[in-house]
There are 2 protein chains.
Amino acid sequence: MYSIGQVSKIFQLPISTIRYYDKEGLLPNLRKDNSNTRKFDEEAVEAIRVIECLKKSGTSIKGIKDFMTWCEEGPSTYGKRLELFEKQKKQVEDEIKELENTLNMIKFKCWYYDKAMEYGNEDFVEEIPEILPNEVRESYIKAHS
Amino acid sequence: MYSIGQVSKIFQLPISTIRYYDKEGLLPNLRKDNSNTRKFDEEAVEAIRVIECLKKSGTSIKGIKDFMTWCEEGPSTYGKRLELFEKQKKQVEDEIKELENTLNMIKFKCWYYDKAMEYGNEDFVEEIPEILPNEVRESYIKAHS
DNA sequence: TCTTGACCTGAAGTCAGGTTTAGGTATTAG
DNA sequence: CTAATACCTAAACCTGACTTCAGGTCAAGA
């Protein structure tokens, strides 16, 4: 059994955030002891892990709450739960692709300002396609088309 | 030369957002014609592209504004600009890594609810390590340790 | 001429996702 | 006994990034 302070340390989440999740109904199975203190068993800790996973994948607090409600409702909601994770799977895959494009542009910008520092000016812009190494040229053209 | 409506369509950004960026100083070079209408030349369009890139990489509006100010200040700020892009490069790389972990957990959850639907219950949880295909088991153990 | 559509401004409003505050309880160390 | 520590609640507050609103200009077409 963990206290809120321990859970806070495990997940590097502020205590206030965990209480907020509880208030929003994200931890329906959470128990309190006789002096009104939250007690986290393995299941409750797992719930936090799922919350973090869904959060990172872009699910809203309301969406996570819905999921937790489905979990309470038993086997009849397996379909909905699967659907949610499949939606989030696609969303994360798309997000990774987008970040990879962003990363290419940023790498180009790093190269660009590196050159600018070397030359003291940006006049080399005119010759970029020539100057650019092969493996970077392609993403440059993609980023600027 | 593009109107704000055209730029809005090109980048799929609401007109109000572009005006907001202008108000916040993200488009210092933007000109207006004699009837006070914004006119976007290629440079201003490039600026929007950079704004989107920095935004996707997690830079705040204030951070982007600082960058635009440095661009106005000339060659003396190449160092700062490079530093910014290097910071964002690291940030995006870390974000991609985190999303890849998230994706693994989500894939596991998809597999899990797929099984749950197949069996009509979650009793197979006991045997997960046995049931799990080799390539998934490792991330399962990672995700649950 | 009038009205439709695209543009403008400043100010106020919105929303998610927390965080902070104020005031209180319970347990433990000195 | 008391003081520090860890916990509690309800409610107010905050922040970033927009969005909406109210009211106005301007050019073109019927």
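Because only heavy atoms are used, hydrogens play no part in the values below, and waters and symmetry mates are left out as well, while side chains stay in. Chain naming here is simple, since letters A, B, ... match the order of the sequence lines and numbering starts at 1 in each. All values derive from a computational prediction rather than experimental measurement.
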Next item on the list: Starting at atom CD1 of A/Ile18, determine the distance to atom P of D/dA6, rounded to an integer number of angstrom.
Entry: 15 Å
Check: Got more than 12 heavy atoms from elsewhere within 6.0 Å of CD, B/Glu126?
Finding: no
Next item on the list: Kindly give the heavy-atom pair with the smallest separation between B/Ile61 and B/Leu26, and that separation in Å.
Entry: O-CD1, 3.8 Å
Check: How long is the line joining OH of A/Tyr2 and P of D/dA6, in whole Å?
Finding: 19 Å
Note to self: Between the side chains of B/Lys80 and B/Glu83, is the shortest nitrogen-to-carboxylate-oxygen separation below 4.0 Å, so that they form an ion pair?
What the structure shows: no
Next item on the list: For a salt bridge (charged side-chain N to carboxylate O under 4.0 Å, His left out) with B/Lys56, tell me which candidate from A/Glu95, A/Glu100, A/Glu98 qualifies.
Entry: A/Glu98
Protein N or O to nucleotides 6-9 of chain C N or O, pairs below 3.5 Å:
| unit_1 | atom_1 | unit_2 | atom_2 | d |
| --- | --- | --- | --- | --- |
| C/dC7 | OP1 | B/Ser3 | OG | 2.9 |
| C/dC7 | OP1 | B/Gly5 | N | 3.1 |
| C/dC8 | OP1 | B/Arg38 | N | 2.9 |
| C/dC8 | OP1 | B/Arg38 | NH1 | 2.8 |
| C/dC8 | OP2 | B/Arg19 | NH1 | 2.4 |
| C/dC8 | OP2 | B/Arg38 | NH1 | 3.3 |
| C/dC8 | O5' | B/Arg38 | NH1 | 3.4 |
| C/dC8 | O3' | B/Asn36 | ND2 | 3.4 |
| C/dT9 | OP1 | B/Lys32 | NZ | 2.3 |
| C/dT9 | OP2 | B/Arg38 | NH1 | 3.2 |
| C/dT9 | OP2 | B/Arg38 | NH2 | 2.8 |

Margin query: Under 4.0 Å, counting only non-hydrogen atoms across every strand here, what does B/Thr17 touch: a base, just sugar-phosphate, or nothing?
Written below: sugar-phosphate
Checklist line | A/Leu30 CG to D/dC8 C1', straight-line distance once rounded to whole Å | finding: 13 Å
Note to self: Check whether B/Tyr112 forms a cation-pi arrangement with B/Lys115 (NZ or CZ under 6.0 Å from the six-membered ring centre, at most 45° off the ring normal).
What the structure shows: no
Check: Got a salt bridge between B/Arg31 and B/Asp41, using NZ or NE/NH1/NH2 to carboxylate O under 4.0 Å?
Finding: no
Next item on the list: Sort out for me which residue in B/Lys65, B/Lys87, B/Gln88 forms a side-chain contact (heavy atoms from CB on, under 4.5 Å) with B/Thr59.
Entry: B/Gln88
Next item on the list: Could you state the atom-to-atom distance from NZ of B/Lys65 to P of D/dC18 in whole Å?
Entry: 16 Å
Checklist line | Length of the OH-P vector between A/Tyr20 and D/dT9, whole Å | finding: 16 Å
Next item on the list: Mind calculating the distance between NZ (B/Lys23) and C1' (C/dG10) to the nearest angstrom?
Entry: 8 Å
Note to self: Tell me if a side-chain donor or acceptor on A/Ser60 pairs with a main-chain N or O of A/Gly63 at a distance below 3.5 Å.
What the structure shows: yes
Checklist line | Residues from residues 50-62 of chain A lying under 4.0 Å of DNA chain C - heavy atoms | finding: A/Lys55, A/Ser60, A/Ile61
Notebook entry, point to check: Salt bridge between B/Lys55 and B/Glu52, side-chain N to carboxylate O under 4.0 Å?
Noted result: yes
Next item on the list: Compare side-chain N and O positions of A/Tyr21 against OP1 and OP2 of C/dG18 and report whether any pair is under 4.0 Å apart.
Entry: yes
